[in-house]
There are 2 protein chains.
Amino acid sequence: MDRFVSTFTNKIDAKGRVSVPAPFRAILERDAYAAGESRGVYCYPSLDAPALDAGGERLAQKIDGLVARLPDYSDERDELSVALYGDVQVLSIDGDGRIVVPESLRAHAGLSGSVTFVGLGDKFQMWEPGRFEARRKLAREKVHEHKRLLGGGA
Amino acid sequence: MDRFVSTFTNKIDAKGRVSVPAPFRAILERDAYAAGESRGVYCYPSLDAPALDAGGERLAQKIDGLVARLPDYSDERDELSVALYGDVQVLSIDGDGRIVVPESLRAHAGLSGSVTFVGLGDKFQMWEPGRFEARRKLAREKVHEHKRLLGGGA
DNA sequence: TGGATTTTTATGGGCGTCAATGGATCGTTA
DNA sequence: TAACGATCCATTGACGCCCATAAAAATCCA
């Protein structure tokens with residue numbers, strides 16, 4: 001199973017378009033093909049970061065799974081649905097591998113000039129480059145702290 | 001199976017007409033075609049929110065299913081039937097993809113200038129934009145609280 | 001190994017189509 | 001005939017689609 005890895009930074013042009021990094025695109029395509037669905041990127045504001053979460057069909061099905069566990073027409077289901085489906089935007093990839101990020105999403109992540117794509121395994125995130133740099137630095141430090149806990153595995 | 005996803009906000013004109021977002025329309029059409037039924041939107045006041053629930057044939061059949069589970073002529077069945085069927089309006093979509101929301105429904109959701117369409121998987125809701133924003137915020141907080149319970153999925 | 005060539009990516013711009021919206025027309029009915 | 005509903009028409013702006021250029025990567029060949 002393919003995973004999103006590495007980070008790439010691309011520009012947003014005057015029309016709000018951004019190229020999805022080619023390696024990510026390849027994964028999305030295989031993913032969509034496997035699910036028999038049309039291509040499309042599912043994108044929503046990250047719950048705990050000034051960034052956007054995104055992924056393909058596999059991610060969409062994961063969300064379906066969460067909601068489907070709850071009984072039809074229950075309050076919990078409606079609430080969860082609003083938060084999960086309601087915030088999701090389906091971005092289509094044009095012939096040149098680009099997407100348009102709507103204003104509402106761009107605002108949440110503070111995106112303007114360029115975007116940093118960050119692979120996270122079964123999904124990826126989109127960050128304002130500056131903010132991501134800060135976050136990455138912090139993450140490095142934490143990893144360093146926890147390194148001994150990992151017990152020299154990989 | 002197609003799902004209603006994303007949110008869209010459209011205007012209500014002087015005559016009470018609103019454009020149904022094109023992606024939703026596409027789903028409704030496929031849905032109606034699959035069921036061999038004429039197009040039409042089933043719409044009723046949400047039971048637990050100042051909003052309207054709406055959907056196509058698939059939603060109608062789901063409601064049928066809920067009611068059918070209860071024994072014939074039971075009080076529960078009568079009550080549920082009234083609650084679910086009683087307030088349902090079948091709205092027709094005109095040639096330009098618009099529906100007219102009747103006054104009674106509009107009152108329940110407090111709709112006036114514009115409407116926010118919220119995809120919830122197998123149905124969608126129509127909200128007064130301001131109220132929806134509040135609801136969405138609340139829902140996100142709840143999801144955030146329960147995130148670990150959900151197994152870190154989304 | 002080094003250099004040349006071909007292929008993929010990223011990015012910018014132009015253009016046609018479709019969706020959203022407002023207004024007009026026509027028919028029906030009270 | 002006035003009011004309302006349904007169908008049709010027109011405008012505008014957004015979005016999808018195509019092409020052009022340039023940079024980078026991969027490939028090939030001497």
Side-chain angles (χ1 to χ4, degrees), chain A residues 2 4-30 32 37-43 54 88-107 111-119 124 126-129 132, chain B residues 2 4-30 38-41 43 54 89-107 111-119 124 126-129 132:
Chain A
D2 300 314
F4 296 101
V5 291
S6 293
T7 75
F8 307 85
T9 299
N10 290 340
K11 293 182 187 172
I12 305 181
D13 71 14
K15 293 156 84 173
R17 296 177 299 184
V18 202
S19 287
V20 175
F24 288 11
R25 236 153 54 207
I27 296 174
L28 290 171
E29 269 161 31
R30 273 195 290 275
E37 295 280 337
S38 64
R39 61 163 70 123
V41 180
Y42 294 80
C43 185
V88 173
Q89 303 265 344
V90 183
L91 311 183
S92 54
I93 302 186
D94 72 18
D96 296 336
R98 287 182 284 196
I99 55 176
V100 176
V101 182
E103 174 53 31
S104 59
L105 290 179
R106 246 183 298 162
L111 303 180
S112 59
S114 33
V115 182
T116 297
F117 291 80
V118 185
F124 63 90
M126 298 165 69
W127 285 78
E128 192 283 317
F132 174 66
Chain B
D2 298 313
F4 294 101
V5 185
S6 290
T7 76
F8 306 86
T9 298
N10 290 340
K11 294 182 185 171
I12 305 181
D13 70 13
K15 299 188 204 169
R17 294 178 298 183
V18 203
S19 288
V20 176
F24 287 11
R25 237 154 54 208
I27 296 175
L28 290 171
E29 269 161 31
R30 273 196 290 274
S38 66
R39 62 163 69 120
V41 181
C43 186
Q89 303 259 346
V90 182
L91 310 182
S92 55
I93 302 185
D94 72 17
D96 295 335
R98 286 182 282 198
I99 54 175
V100 176
V101 183
E103 175 51 32
S104 59
L105 290 179
R106 245 184 298 163
L111 303 181
S112 59
S114 32
V115 183
T116 297
F117 292 80
V118 185
F124 63 89
M126 298 165 69
W127 286 78
E128 191 283 318
F132 173 67

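Values in this document were obtained by computation on a predicted structure and should not be read as measured data. Convention: sequence-line order gives letters A, B, ...; per-chain numbering from 1.
Between A:V90 and A:Y42, the closest side-chain pair of non-hydrogen atoms falls below 4.5 Å. Annotation: side chain of B:W127 is not in contact with side chain of B:T7 (no heavy-atom distance under 4.5 Å). At least one side-chain heavy atom of B:I99 sits less than 4.5 Å from a side-chain heavy atom of B:M126. Using a 4.5 Å heavy-atom cutoff, the side chains of B:P21 and B:F124 are not in contact. Two residues are said to be in side-chain contact when any heavy atoms from C-beta on lie closer than 4.5 Å; B:L111 and B:I12 meet this criterion.
Overall bending of the helix from C:dT1-D:dA30 to C:dA30-D:dT1, expressed as the angle between end axes built from five pairs apiece, is 30° (10° steps).
One finds no side-chain N or O of B:R25 lying less than 4.0 angstrom from the OP1 or OP2 phosphate oxygen of C:dC18.
Between B:V100 and B:L91, the shortest heavy-atom contact is O-CD2, 3.8 Å. Nearest heavy atom pair, residue A:N10 against residue A:V20, reads ND2-C, 4.4 Å. Smallest separation of non-hydrogen atoms from A:S114 and A:P129: O-CD, 3.1 Å.
With a cutoff of under 4.0 Å to any heavy atom of chain B, the contacted region of DNA chain D is bounded 5' to 3' by D:dA6 to D:dC9.
Using modelled atom types, one side-chain atom of B:S6 and one backbone atom of A:V88 make a donor-acceptor pair closer than 3.5 Å.
For the side chain to side chain donor-acceptor pair (under 3.5 Å) test, residues two or more places apart in sequence or in another chain that qualify with A:T116 are A:T9.
Contacts between residues 92-101 of chain B and DNA chain D, defined by a heavy-atom separation below 4.0 Å, involve B:D96, B:R98, listed by number. Within residues 10-17 of chain A, the residues approaching DNA chain C are A:N10, A:K11, A:D13, A:K15, A:R17, by heavy-atom distance under 4.0 Å.
Taking the ring centroids of A:F24 and A:F4, they lie under the 6.0 Å cut-off.
Within the structure, salt bridge (charged side-chain N to carboxylate O under 4.0 Å, His left out) pairs that include any residue of residues 7-24 of chain A comprise A:D13-A:R17, A:D13-A:R98 (at least two apart or interchain).
We find the OG-CD1 distance between B:S19 and B:I93 to be 10.5 Å, quoted to the nearest 0.5 Å.
The distance between atom CZ of A:F8 and atom C1' of C:dT11, rounded to the nearest whole Å, is 17 Å.
As judged by a 4.0 angstrom heavy-atom cut-off over every strand, A:V18 is placed among residues making no nucleic acid contact.
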